[in-house]
Protein chains: 2
Amino acid sequence: MVQYRKTEETFAALGDPVRMATLERLGEGGASISELAEPAGMSLTGMKKHIRILEEANLVRTEKRGRTRWCEISSEGFDEAAFWLDEFRRRRHKQLNRLEEVIERKKREKRNEK
Amino acid sequence: MVQYRKTEETFAALGDPVRMATLERLGEGGASISELAEPAGMSLTGMKKHIRILEEANLVRTEKRGRTRWCEISSEGFDEAAFWLDEFRRRRHKQLNRLEEVIERKKREKRNEK
DNA sequence: CCGATACTGAACCATATAGTTCAGTATAGG
DNA sequence: CCTATACTGAACTATATGGTTCAGTATCGG
């Protein structure tokens with residue numbers, strides 16, 4: 001599954017403290033690489049790498065404006081990740097309900113045996 | 001935030017192909033370590049490590065039954081991750097609406113100037 | 001045009017991660 | 001009790017990751 005591979009990449013991108021904090025910051029509004037690097041106590045180059053990863057995970061969208069690169073949240077990645085989680089939880093609940101039914105049936109059968 | 005650190009760990013646990021596949025498998029029902037290791041083409045020890053990571057992320061719960069360790073899905077981690085994503089998306093939509101309002105106001109002001 | 005600013009890419013380094021093998025330990029079954 | 005099974009832990013290896021510095025390139029402001 002192509003979609004599957006993508007979601008895994010998105011989760012991996014989310015699973016880092018610097019990137020998660022950066023996303024929270026970008027949630028407040030767009031920013032340049034320098035503006036993101038400074039509060040993270042990190043070099044420009046370092047932050048650039050994180051942004052690249054977030055971009056490939058569709059969590060951030062960027063564009064060059066003059067000599068600064070403008071970064072902002074992209075919903076896509078968030079939507080994909082949320083979708084996968086919701087699907088998983090939905091399937092699980094269905095599974096659990098089916099299990100419960102089976103148990104109920106067994107109980108009824110046991111009663112009838114007596 | 002303690003909760004925050006936890007969620008990041010959960011995303012990191014999800015962000016691996018073997019672990020994601022293992023979760024999908026466990027979604028079908030519980031399994032032993034060997035049963036999980038085999039289809040992943042991996043040693044017992046290797047799978048054990050993944051299970052440990054999934055366990056610490058509250059995505060899997062395990063218990064020892066005789067000489068086999070039984071693994072099954074734990075909803076907690078999934079719930080936490082989904083909660084964080086939903087919160088983030090909710091905040092973002094609110095932010096976008098506020099932005100839209102500001103733009104609308106500017107437009108009105110411009111019209112009044114003419 | 002000049003200097004400062006903002007990024008970019010390459011090269012490098014240290015540590016973390018994903019996997020292995022090997023040598024146990026504990027339980028299941030005869 | 002004996003053997004096979006199922007796991008566990010320690011030690012090790014190779015590669016990926018997160019960070020750096022340094023040497024560009026491109027744009028901004030005067």
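Letters A, B, ... mirror the listed sequences (proteins, then strands); counts begin at 1.
For DNA chain D, the residues of residues 43-60 of chain A within the heavy-atom distance limit of 4.0 Å (strictly under) are A/Ser43, A/Thr45, A/Gly46, A/Lys49, A/His50, A/Ile53, sorted by number.
Annotation: side chain to side chain contact (heavy atoms under 4.5 Å, CB included) contacts of A/Glu72 (sequence neighbours excluded): A/Arg61, A/Trp70. Remark: B/Glu35 pairs with no residue by the salt bridge (Lys or Arg N to Asp or Glu O under 4.0 Å) rule, at least two apart or across chains. For A/Arg91, the salt bridge (Lys or Arg N to Asp or Glu O under 4.0 Å) partners at least two apart in sequence or on another chain are B/Glu24. Taking A/Glu87 as the reference, A/Arg90 meet the salt bridge (Lys or Arg N to Asp or Glu O under 4.0 Å) condition, with sequence neighbours excluded. Applying the side chain to side chain contact (heavy atoms under 4.5 Å, CB included) criterion to A/Glu76, with sequence neighbours excluded, gives A/Asn58, A/Ser74, A/Glu80.
A side-chain N or O of B/Arg92 and one of A/Ser75 form a donor-acceptor pair less than 3.5 Å apart.
Residue pairs meeting the ring-ring contact (aromatic ring centres under 6.0 Å, His included) criterion with at least one member in residues 6-48 of chain A, sequence neighbours excluded: A/Phe11-A/Trp84, A/Phe11-B/Phe11. Note on residues 45-57 of chain A: pairs passing side chain to side chain donor-acceptor pair (under 3.5 Å), not counting sequence neighbours, are A/Arg19-A/His50, A/Glu55-A/Thr62.
Spacing between atom CD1 of B/Ile33 and atom P of D/dT5 amounts to 18 Å, rounded to whole angstrom units. Going from atom CG of A/Asp16 over to atom P of C/dT15 covers 18 Å, rounded to whole Å. For A/Glu63 and C/dT8, the CD to P distance is 12 Å, given to the nearest whole Å. When the C1' atom of D/dT8 is taken as reference, atom CH2 of B/Trp70 falls 19 Å away, rounded to whole Å.
Distances shown here put every side-chain N or O of B/Lys64 at or beyond 4.0 Å from the OP1 or OP2 atom of C/dA26. For B/Arg69, a side-chain nitrogen or oxygen approaches OP1 or OP2 of D/dT8 to under 4.0 Å.
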Please write out each protein N/O paired with an N/O of nucleotides 25-29 of chain D under 3.5 Å, distance rounded to 0.1 Å.
unit_1	atom_1	unit_2	atom_2	d
D/dT27	O2	A/Arg67	NH1	3.4

